[in-house]
Amino acid sequence: MLKKVEFISDTADIEATKNIIESELFNFQIDFVKLEIPCFGIKFKNLVEHSTIKKQYSLKPEVWKHHKNFNIYFTEKKATLKFSLPYFLHGHNYCKLEAEDLLKIEGILSKKLGISIGAAKVKELEFGAYENSNDDGKNYVDSILGIKNYELEKSTKGFKMFGDRKRHFHYKIYDAVANAKAKKTFTLGNYPENGLIKHEIKLTNVKPYFENLKYSDLYNPFADYIGKLKKDLMSSRKSLILKNENPVLLHDTDLTHILYAGLKQYENGVASENVVKSLFNLVENSGLTPSQKSKRRKAINLLEDHYNQRF
């Protein structure tokens, strides 16, 4: 059940963009989950303890072929599982996950570790999808300036993450081909040579969004958790602010519109480093009469003088 904290999207935006964005995104999947379970009945013989971190275990390689990206932590009263669902099932994440895949994972863990995750509380999750791009993956990611009012939290070559820590909401976008090569899953996943982008929503605390979310809810046909995540992913994708090499067009020629168009040019990454020069260029191409252009330039120069005063 949705709680007080709302997603980035609203219903009107979702319905207006659903068909367009959904056709661009594919292989929707829950990628990562953090689950909380009781720590009894677990087959410790199939686990191996971390070499340096106490009470942290991973699967023995001989127990399950895709044992990487799976960790389980123990406290006195509970155990916490952190793992990627597609990596656990297939050894890579270039795939779509259906309800039967989630059920299959539940069955594997029950058989191999004696763990029942159906009633496990979902504490964190990541939900994502892929997009094909005609551009190089790194260039595509580099062209992203932001997303709505979220802060840029991390930026590396071919990877960016924006978010709002107070809302426990984060949006990741990265070059999926470069990521697969770095993780040595490129061949196994049969990734394309280039132009593949991964979009992901990361909820570092699920509770403000979904009340008492359990693993079984994620494949329950009568629950709409996946549907809500899918809609929000599409709305977030639409909200990305990309560099735009095209000039910003004025909607009106008064000073307010000229100043705001100047701000949009900076947002699009195409403005001159000099504020006055950028605004003068907008005025010059505005269609105003020479007399009107002169008045706008004088007003801009007056503002420049005011904001350059230090005393």
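Reckoned from all heavy atoms, side chains included, excluding hydrogens, waters and symmetry mates.
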* Are Leu113 and Leu103 linked, directly or through other ILVMFWY residues, by side chains that come within less than 4.5 angstrom of each other? -> yes

* Minimum side-chain heavy-atom gap Glu151-Asp164 below 4.5 Å -> no

* Kindly indicate, with the supporting measurements, whether the criterion side-chain contact (heavy atoms from CB on, under 4.5 Å) is fulfilled by Leu203 and His168. => CA-CA 6 Å; Leu203 301 180; His168 308 284; 5.9 Å; no

* Determine, step by step, whether Glu153 and Arg165 satisfy the salt bridge (charged side-chain N to carboxylate O under 4.0 Å, His left out) criterion, reporting the C-alpha distance in whole Å, the side-chain angles of both residues, the deciding distance to 0.1 Å, and the verdict. => CA-CA 9 Å; Glu153 296 179 311; Arg165 289 183 176 86; 3.6 Å; yes

* To do: State whether Lys82 and Glu124 are salt-bridged, where the test is any N-O pair (Lys NZ or Arg NE/NH1/NH2 against Asp/Glu carboxylate O) under 4.0 Å.
  => no

* Among all residues two or more places apart in sequence or in another chain, which pass the side-chain contact (heavy atoms from CB on, under 4.5 Å) test with Leu288? -> Thr253, Ser286, Gln292, Lys293, Arg296

* Decide yes or no for Leu59 and Ile72: does some side-chain heavy atom of the first lie under 4.5 Å from some side-chain heavy atom of the second? => no

* To do: Not counting sequence neighbours, which residues clear side-chain contact (heavy atoms from CB on, under 4.5 Å) with Asn190? List them please.
  => none

* Minimal non-hydrogen separation, Ile105 against Tyr215, with atom names -> CB-OH, 3.7 Å

* Structure fact -> Residues Val206 and Val122: closest non-hydrogen pair is CB-O, 3.7 Å

* Asked: Going by an N to O cut-off under 4.0 Å, is there a salt bridge joining Asp31 and Lys198?
  -> yes

* Do Leu188 and Phe70 sit in the same hydrophobic cluster, where Ile, Leu, Val, Met, Phe, Trp and Tyr count as joined when their side-chain heavy atoms come under 4.5 Å apart? -> no

* **Cation-pi, Phe186 ring and Lys181 (6.0 angstrom, 45 degrees)** => yes

* State, with a plain yes or no, whether a side-chain heavy atom of Asn93 is found less than 4.5 Å away from one of Tyr87. => yes

* Which heavy-atom pair separates Thr75 from Cys39 by the least distance, and what is that distance? -> O-SG, 3.8 Å

* Asked: Does a salt bridge link Glu126 with Lys172, judged by any charged N lying under 4.0 Å from a carboxylate O?
  -> yes

* Would you mind checking if Lys54 and Glu49 are paired as a salt bridge, meaning a charged N to carboxylate O distance below 4.0 Å? => no

* To do: Please examine the side chains of Val63 and Leu47, heavy atoms only from C-beta on, and report whether any two atoms are closer than 4.5 Å.
  => no

* Is a side-chain N or O of Asp101 found less than 3.5 angstrom from the main chain of Glu98, in a donor-acceptor match? -> yes

* Asked: Is any side-chain heavy atom of Cys95 closer than 4.5 Å to a side-chain heavy atom of Gln29?
  -> yes

* Asked: Under 3.5 Å, is there a donor-acceptor pair between the side chain of Lys123 and the main chain of Glu36?
  -> no

* To do: Assess whether atom NZ of Lys60 is packed by more than 12 heavy atoms of other residues, nucleotides or ligands within 6.0 Å.
  => yes

* Asked: For Asp224, what residues pass the side-chain contact (heavy atoms from CB on, under 4.5 Å) criterion, not counting sequence neighbours?
  -> Lys228

* Structure fact -> Residue set satisfying side-chain contact (heavy atoms from CB on, under 4.5 Å) with Ile108, at least two apart, ordered chain then number -> Trp64, Phe88, Leu89, Lys104, Lys112

* Asked: Going hydrophobic residue to hydrophobic residue with side-chain gaps under 4.5 angstrom, can you get from Leu25 over to Tyr140?
  -> yes

* Arg167 and Tyr150: side-chain donor and acceptor closer than 3.5 Å? -> yes

* To the nearest 0.5 Å, how far apart are CG in Leu125 and CD in Glu200? -> 11.0 Å

* **Leu145 to Phe162 - nearest heavy-atom pair and separation** => O-CE2, 4.0 Å

* To do: Give me the other members of the hydrophobic cluster that Met161 sits in, counting Ile, Leu, Val, Met, Phe, Trp and Tyr linked by side-chain heavy atoms under 4.5 Å, directly or via other members.
  => Phe159, Tyr174

* Structure fact -> Interatomic distance, CD1@Ile147 vs CG@Leu240, rounded to 0.5 Å, equals 5.0 Å

* Indicate yes or no: at least one non-hydrogen side-chain atom of Phe83 is less than 4.5 angstrom from one of Leu109. => yes

* Atom pair CG (Leu233) and CD1 (Ile226), whose distance is rounded to the nearest 0.5 Å -> 11.5 Å

* Asked: Does Lys202 make a cation-pi contact with Phe32 (under 6.0 Å, within 45 degrees of the axis)?
  -> yes

* Asked: How far apart are the C-alpha atoms of His199 and Glu24, what are their side-chain angles, what is the distance that settles it, and do they pass the side-chain contact (heavy atoms from CB on, under 4.5 Å) test?
  -> CA-CA 11 Å; His199 300 265; Glu24 296 176 354; over 6 Å; no

* Asp232 CG to Tyr171 OH distance, which is reported to the nearest 0.5 Å -> 9.0 Å

* Where Gly137 and Asn194 come nearest, the two heavy atoms and their spacing -> N-OD1, 3.5 Å

* Asked: Can you check whether Leu35 reaches Thr80 side chain to side chain, under 4.5 Å on heavy atoms?
  -> no

* **Worked verdict on His50 versus Tyr57 for side-chain contact (heavy atoms from CB on, under 4.5 Å)** => CA-CA 5 Å; His50 194 280; Tyr57 294 78; over 6 Å; no

* Is there a side-chain contact between Val177 and Tyr94, using heavy atoms and a 4.5 Å cut-off? -> no

* Under 30°, 30 to 60°, or over 60°: which ring-plane class applies to His92 and Tyr191, parallel, tilted or perpendicular? -> perpendicular

* Asked: If you group Ile, Leu, Val, Met, Phe, Trp and Tyr by side-chain heavy-atom gaps below 4.5 Å, do Ile115 and Phe74 land in one group?
  -> yes

* **Set of residues satisfying side chain to side chain donor-acceptor pair (under 3.5 Å) with respect to Glu106, sequence neighbours excluded** => Tyr219

* How close do Thr185 and Gly91 get, heavy atom to heavy atom, and via which atoms? -> CG2-O, 3.4 Å

* Atom pair CG (Asp142) and CG (Asp175), whose distance is rounded to the nearest 0.5 Å -> 9.5 Å

* Asked: Given the rule in the side-chain contact (heavy atoms from CB on, under 4.5 Å) test, do Asn301 and Phe280 qualify, once you have shown the distances and angles that lead to the verdict?
  -> CA-CA 10 Å; Asn301 277 326; Phe280 276 15; 3.7 Å; yes

* More than 12 non-hydrogen atoms from neighbouring residues, nucleotides or ligands closer than 6.0 Å to NZ on Lys43, yes or no? -> yes

* Asked: Have Gln56 and Asn71 got a donor and an acceptor in their side chains that come within less than 3.5 Å?
  -> yes

* Say whether, by atom type as modelled, one donor and one acceptor occur between the side chain of Ser239 and the main chain of Ser235 under 3.5 angstrom. => yes

* **Hydrophobic cluster identity match, Leu81 and Phe44, side-chain contacts under 4.5 Å** => yes

* Asked: Rounded to the nearest 0.5 Å, how far apart are OH of Tyr209 and CZ of Phe169?
  -> 6.5 Å

